[in-house]
Colleague: 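Before we start, here is the structure in question, set down as structure tokens.
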Amino acid sequence: MTTPPSTKTFTPARPIWCAGCGDFAVQGVLEKSLRNMGILPHKLMLLAGIGCSGTIQNNLKCYGYHALHGRVLPATIGAKLANPDLTVIAAGGDGDGFAIGAGHLVHTFKSNPSIMYILMNNSNYGLTKGQASPTSPIGYHGNAELGLDSMLLGLSFLSSTFLARGFSGNPEQLGRLMEAAIEHTESGKGFAFLEVLSPCVTYYDTHREWRAKVYNVDEDESFDPTSRAAAFQKVIELKEQGHIPIGRIFKGEHPSLESIIVNKEETLPAQQNIGHFNEHRKHYDQFIKAHLV
Amino acid sequence: MTTPPSTKTFTPARPIWCAGCGDFAVQGVLEKSLRNMGILPHKLMLLAGIGCSGTIQNNLKCYGYHALHGRVLPATIGAKLANPDLTVIAAGGDGDGFAIGAGHLVHTFKSNPSIMYILMNNSNYGLTKGQASPTSPIGYHGNAELGLDSMLLGLSFLSSTFLARGFSGNPEQLGRLMEAAIEHTESGKGFAFLEVLSPCVTYYDTHREWRAKVYNVDEDESFDPTSRAAAFQKVIELKEQGHIPIGRIFKGEHPSLESIIVNKEETLPAQQNIGHFNEHRKHYDQFIKAHLV
Amino acid sequence: MTSTNTNSQPVLEDISVIVAGQGGDGSLTVITMLADLFRNAGLNVYTERDVASRIRGGHAAATMRAFIGEKHCIGSHIDLLVALDEEAVEKKVHQISSNSIVVFDDSSGPLRSGLLPEGTKLYAAPFNRIAMRTMRRELYKNSIAFGIVGRLLGLEDEAMRQTFTKRFERRGQIILDYNIEALELGLHLADEMGIKRGEGKYRIEQTEPEEQILVMGNESIAFGFMAAGGRFFTGYPITPSTEVLETLQKWLPRCGGVARQTEDELAGINMAIGAALTGVRTMTATSGPGISLMQEGVGHAGSGEVPLVIVDCQRSGPSTGMPTKPEQSDLNIMVFGGHGDFPRIVLTPGHPDDCFYLAVDATNLADKYQCPVFIAMDQALSQNIASVKPFNLDEVKVVPGKRLTAEEVAELDTYKRYSFSEDGISAFAAPGTPGGMSLVTGNEHDEFGLVSTDPKNRVKMMDKRFHKIEEAKKELPKGRHFGEPDAPIGFIGIGMMYGVILDARIELEKRGYNTQYLQPRTLWPMLDETLEFIDRCERVYVIDLNAQGQIAHLLMHQGADSSKIISIRRYDGLPYRPGYLVNQIVEREEELNNNDKKEAKAQ
Amino acid sequence: MTSTNTNSQPVLEDISVIVAGQGGDGSLTVITMLADLFRNAGLNVYTERDVASRIRGGHAAATMRAFIGEKHCIGSHIDLLVALDEEAVEKKVHQISSNSIVVFDDSSGPLRSGLLPEGTKLYAAPFNRIAMRTMRRELYKNSIAFGIVGRLLGLEDEAMRQTFTKRFERRGQIILDYNIEALELGLHLADEMGIKRGEGKYRIEQTEPEEQILVMGNESIAFGFMAAGGRFFTGYPITPSTEVLETLQKWLPRCGGVARQTEDELAGINMAIGAALTGVRTMTATSGPGISLMQEGVGHAGSGEVPLVIVDCQRSGPSTGMPTKPEQSDLNIMVFGGHGDFPRIVLTPGHPDDCFYLAVDATNLADKYQCPVFIAMDQALSQNIASVKPFNLDEVKVVPGKRLTAEEVAELDTYKRYSFSEDGISAFAAPGTPGGMSLVTGNEHDEFGLVSTDPKNRVKMMDKRFHKIEEAKKELPKGRHFGEPDAPIGFIGIGMMYGVILDARIELEKRGYNTQYLQPRTLWPMLDETLEFIDRCERVYVIDLNAQGQIAHLLMHQGADSSKIISIRRYDGLPYRPGYLVNQIVEREEELNNNDKKEAKAQ
Ligand SMILES: Cc1ncc(C[n+]2csc(CCOP(=O)(O)OP(=O)(O)O)c2C)c(N)n1
Ligand SMILES: Cc1ncc(C[n+]2csc(CCOP(=O)(O)OP(=O)(O)O)c2C)c(N)n1
Ligand code: SF4
Ligand code: SF4
Ligand SMILES: [Mg+2]
Ligand SMILES: [Mg+2]
């Protein structure tokens, strides 16, 4: 069952990103990490939001899904809970994840399912032509609000277990973070949240600015990613100094959602034999019995 | 214009809460605080979510509004931006604010409009008969997830300016917090978020448990509510010790939303004379001129 | 509603009992225990509750009909009203007549005179005061009243004790003891009021109870889904749908399924969609406000061809409306909601047993046709409890959809998730299947699932999706028909109207009106049989539990002859009673008759 | 499409030009500059763009029609195709004929032979290569090609230079210089190719340009709202509605208004509702996916009687669909969406100028009738740019809704937010008004706005809300009618179909078909005039830019005689051209004719 047959399926599409878009690096690193981690294409579901970033699933061999704008996380969690055997990865942009999808992100931090989420942050809405996003700075496109920081947001949930930020301009580190994230979810430890600074060269080219501003906590020996409060303080400090922290911001432990709510004694939901009525007949009879009067 | 006429309007309803519900105390304290702060009923908009908590607006003289479930914050912000002269207060439950409304809460912390939000947290869905809410502990009603902490959440936004938690069982302190919150919004300093622990005696009576667990940071001289990182650390510590922190958790400064986006040179949106076409005729002519070819 | 007997007491064959008071008074408990007693005595039952959308307080009532044979709604006439306060009498007096019995709690004073129809038999006692005095808790007033009620209805004292024991046992010995004590107080009171053992108003002819189950529509839906192999449910609590979630939270994990409360309805439907992608059979349930929120997801399932069952337990709208009141006013949004054009199926069960069988069908159909399938409920159908024949599990057919295994994929030359096919259905491989990698999207797409705006492909894809529904029409659940096919007067009505129309037909027949009734069980796509039914009748009363006449206009939308349709609409939040419908029909028929006569004269 | 003249070159009276290539190639820039030049020469213009939903790449085209007199769409025949690659020719070849001219960039090799209709005049040059060689940037290829195109169309070299200067000036001197240089290269190339000054294919008869503005429908909507006193807008970016948001973000603050991008559409509509409560005139705009998400809010505005204008710039659905393609397939959800029954109004403008006037009406109507008012746009109507007469600001009537000042409140005995009134409209006091305190809710409520489930009140409140719409019918925007009222063949079509049908009618008349056309400007509630129009015609072609025939069925839903309706549907994402419609009609008419003949024979 593990050697894929020679049947032709869809040919991964050529990326439609503008030349120079940060998302190319994200895709490259993702492909490499999946290879390195030995994830087989047929065991991989890659679910994406809507945006430039939300086309990544078309470009690699996988079970790809293009969610509704902002709903990639619920869809991803649904897939994971239905079939925890799969590697289930969500991807999308900062508008998708932090604007319309903010409520779901909060609840994913809270519930800690073993999925990875790659959020390609370009601090604008690429696909709809450059409007401000929740990470845009004040002044960009008339934006009146301070950009949010997803690492701080993630830290504020005591159930969060993996928080990291990479930079498309630093693919080596990004690869390490991504492999760690995959490792985290593959071993059922919960939600691996990986924000990637991925500049949009067409509408808001932040490449240089970000290159100058990133501060790699992985290289800071004094930084302890296992302390939530310390990480919180460090991120704030770095931001006050005009830096953008990148690296592995936090590692924690908390039971994963699927480990709690999926019945381990039974076949997984998606692996049950539809039509094999008698496999659970005893429970059905029980139901009727419970309602007999 | 400030002495209300003798015209009869709606008679505030009798609360429909169960005897002993924490929400009675919230209403009592709110009424008193409004009086103390000199807020006139006709200048007050009280917008509520849906839930047991979301009936409070019926019980006092005000411009009351019953929003859709989870949408009280956008509605409240809309009212405030349209008429910043009003005192605009949002109220609702933990399901309303932290579950279905989580995305809007995030964006309210982010945008910092000068509104107060009283969130009556009873750690369950009262109105729909006791289901688990985002603040329910693991195990309650089959809940598999750790409850979230709104103080930590609020702290994670560098634009948050007022975070406090009260307890219906401590009305004096609640009154102080509420007056401070009103003061904050009346002076245009931004979003005053006040969570109130307000037990549901019918479905999940936490009164005694919470009474035993609350820890009042207002009485802790070592606590500094002006330091975001310190507050974060303290809240985590207290939680680890099994406490629930109450009191003024954080005071910060950040420009309020309405102060940035409402044009100060012009009449406020809701106070303009509809039908006085010529007041802005010059801009209309300008628009046409800009499109002439 | 009773046939008399040599003995002076009539045999109880069909009675309706209301217990009414304030929310939290426990009316439902009384009705539930009565239902239990009648079931044990061999009768069938149907119960209804009527509460305010608040926890405590507000007028609240529970109603039960106990009967021999088949009935599917509460009767028109209330034989016994148990009124725990005066408001209860005021609210319910329109349903009683001089033949009715009223048991009244006069703790706050005697009943205002003139309130009851003349001749009504009144039994008043201060249940509340007695409870407070002797037991220190108001709560026990119901158990005291129960003694009187039971005696009046001809129930055995011992049977009552047994039911009390069964009911209160699990709440602990103390509570049980107190309730039994209260019941004894009530029986004693009955003696004092002259309602001795065996001297009630009715005589119950004990028969061996036919085996039946007591279920509400929502439970049946949940169970039907589960029995059809449904293993994934996500939803968000909302009245009157919450029992679907709660039932599945209880039962689904035992079968290895997942039933989860999500943060909102958007997560509810999108999580269900994500799960459905993996091949698991999936459902969500909600009510009006949630259906509105789910519209984007519904269209997405339609476009991406994701199998999904969506239960809409309709309540009075619009917006928050009246959450605990029945209505059928989301039909338009189920049929026409979601932006753009996409196929969907809307099924309309008519009774808790029908709910089970249609939930099985819905689950199979969603899987087979890879599209959203709605089950249109209403508050009464969802939450009223009926005794019905135990579902016939041996008849449940679970038919898997077109899926491909790794082996089947391997035999293909090319695998395309959305391959064009004769019936419009594309077999698909679930994630995890080697070789079956594919793309699913809400964008228009080619056969592989890749985004495409090619105009020719676009048209083929749209046609493919709609073609599935044309295919489905051949096997979509047929309606149930009652009456002679040449009866001049037709009825069309769905959901809770099923039982009401059945009852009304009997009465109308008595009054000389020859009617037939079609309960459409597939509302959308509209089946030919529905339009043919209209063709066949001289005129059709289309009963709409909504203000706009949604069903009536939907029939016109599909080409029905509008001159034959008489649109009856109700939207006051009250449940329909057969008698009310009978009156409406008779009134209109007489009007028609008069007009005919007038016209005849004028000629 | 040109009348000849003593001079060998025809005078340019009506031509359509397409520039096509890959997204990012800058087709739109060329078309925009051409439009500018023609406007200066006294012609009117209409432009259309066609892009993929992605930033770079994908086939993209821009089309312009320049004409004397009145036209409201792109013409059927393309006179000049500027193809920047071979794909562009492939995609557009169906629109050209032997009379067309093609300018082709043959940098990647000569055009595949046989692709063009015989006789087509081809001008090929390697614009891209020249640009790369001489200017090092592909980008300038358009400016080079412009020289050829301008000469062919009969434009003056100097006029071209001026337009280039106007266009590129603000991008800085360097960019301007480069583009002018490229233009000069192009003019030089034209010389080499034998297209000398004044020797193009057309002659332009310079006239004094009539004063006109160039606007797209979305800008007109934004401006109409603003001119009607709209001062609050919240929305979320989505193609093809974003220009409404962006236009208002630019202009509204100047008038003291607020225009804000929210975190999502749910916030968009609910923030608008919150603002509307304060009395400010409020709007939101979106497209299909957003309309689906807003359904709960729409019903809430209906129930709570909150004035709100909602713009739906329809694109190809369902779900994410084809975001940049026109469709009219959200009509069902606008008319029938939202759970429960509530009143709403749906307006359907037909051209960018109509958008302005109907936006004014929508804003007034929402305020007057305190209900949601939709403006149904489509991608073409939203984003195509037309030259139209400057809006007549002196004719704009801004009519405030029924509001109460503190003084007026003080004169009342009792103030009720939802007081029952003759026309169903309740005057209300905005927050801040002393004495006007009140409750607004989506629950059913009494006159004060307090939650109520009283059945009588319920019915009165529902009737009150629907009664407003009956009142509104008297003054809702009437449709525009064209043709003789006794013409046998009718047309009904909305939005972008307005211009197409107008053009098609002319051609059909030439071919002997006598037609009339009604552009309904109020789609819902359905006005009597619409049904009367159908009554009057022998048959009516209902043109639906959707797969289900939504307009056709909506007419049936409202009682139109279905035997008169011929439903024409298109949903391939391509914009309609008049010639295509003409062919469809002629085909069907001939079929009908043949059938008639056959029937006649059979008799
Ligand atoms: C419900 C809905 N609203 C709006 C849109 C339009 N839309 C598509 S992508 C997008 C934002 C994209 O921004 P982001 O998520 O940051 O992705 P990026 O393109 O920057 O990678 C929006 C608003 C949509 N598709 N659906
Ligand atoms: C869209 C929508 N979904 C669900 C509901 C049903 N509902 C009403 S109140 C409520 C939750 C109430 O919980 P909470 O906000 O904590 O308020 P409480 O009653 O506990 O004060 C729910 C789910 C609704 N009204 N609207
Ligand atoms: S627009 Fe920006 S985000 Fe989108 S593909 Fe281009 S560079 Fe990347
Ligand atoms: S159910 Fe709980 S929250 Fe609701 S009124 Fe009663 S005690 Fe309060
Ligand atoms: Mg982005
Ligand atoms: Mg709660």
Side-chain angles (χ1 to χ4, degrees), chain B residues 13-21 23-24 48-55 58-59 65-72 75 93-106 122 124-136 140-145 148 200-204, chain C residues 22-25 28 49 51-60 138-139 234-254 258-269 286-294 313 315 317-321 323-324 383:
Chain B
R14 273 197 314 157
I16 57 165
W17 298 309
C18 311
C21 177
D23 295 351
F24 281 104
I50 297 191
C52 293
S53 44
T55 60
N58 298 328
N59 309 339
Y65 170 66
H66 194 200
L68 291 172
H69 189 38
R71 313 298 162 204
V72 67
D94 46 331
D96 198 78
F98 297 144
I100 191 167
H104 305 307
L105 179 57
V106 158
N122 55 16
N124 87 109
Y125 286 11
L127 191 65
T128 51
K129 302 194 184 295
Q131 294 86 4
S133 87
T135 52
S136 298
Y140 174 77
H141 247 248
N143 175 39
E145 303 173 30
L148 64 76
C200 167
V201 294
T202 299
Y203 291 110
Y204 185 28
Chain C
Q22 294 296 304
D25 267 356
L28 194 60
R49 58 180 180 178
V51 296
S53 178
R54 54 199 273 187
I55 301 308
R56 284 283 156 76
H59 174 76
E138 193 183 315
L139 207 65
T234 37
Y236 187 72
I238 185 165
T239 307
S241 83
T242 311
E243 294 86 4
V244 180
L245 167 64
E246 287 173 345
T247 305
L248 287 169
Q249 279 181 319
K250 180 167 171 192
W251 289 94
L252 220 41
R254 305 178 188 188
V258 165
R260 180 168 189 244
Q261 178 182 322
T262 52
E263 63 268 30
D264 61 15
E265 288 89 350
L266 298 166
I269 191 164
T286 185
S287 180
I291 282 291
S292 281
L293 286 171
M294 288 183 182
C313 304
R315 62 192 214 185
S319 194
T320 312
T324 57
Q383 298 189 313

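Computation of the quantities below employed the complete heavy-atom set of this structure, encompassing side-chain atoms and omitting hydrogens, waters and symmetry-equivalent molecules. The sequence lines fix the lettering, A, B, ..., with proteins before strands; numbering per chain opens at 1.
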Colleague: Quick one: are B/Gln131 and C/Glu246 in side-chain contact, heavy atoms under 4.5 Å?
Modeller: yes
Colleague: Between C/Arg260 and B/Glu145, is there a side-chain N and carboxylate O pair less than 4.0 Å apart?
Modeller: yes
Colleague: Nearest 0.5 Å, what's the CG-NE2 distance between C/Leu293 and B/His69?
Modeller: 9.5 Å
Colleague: I need the minimum non-hydrogen distance between B/Ala99 and C/Tyr236, along with the two atoms involved.
Modeller: CB-OH, 4.0 Å
Colleague: Rounded to the nearest 0.5 Å, how far apart are OG1 of B/Thr128 and CD1 of C/Ile238?
Modeller: 9.0 Å
Colleague: Identify, with sequence neighbours excluded, every residue that meets ring-ring contact (aromatic ring centres under 6.0 Å, His included) alongside B/Phe98.
Modeller: none
Colleague: Who are the side-chain hydrogen bond (donor to acceptor under 3.5 Å, both in side chains) partners of B/Ser136, not counting sequence neighbours?
Modeller: none
Colleague: What part of C/Leu245 lies closer than 4.5 angstrom to a heavy atom of chain B: side chain, backbone, both or neither?
Modeller: neither
Colleague: Distance check, rounded to the nearest 0.5 Å: B/Asn143 atom CG versus C/Gln261 atom CD?
Modeller: 8.0 Å
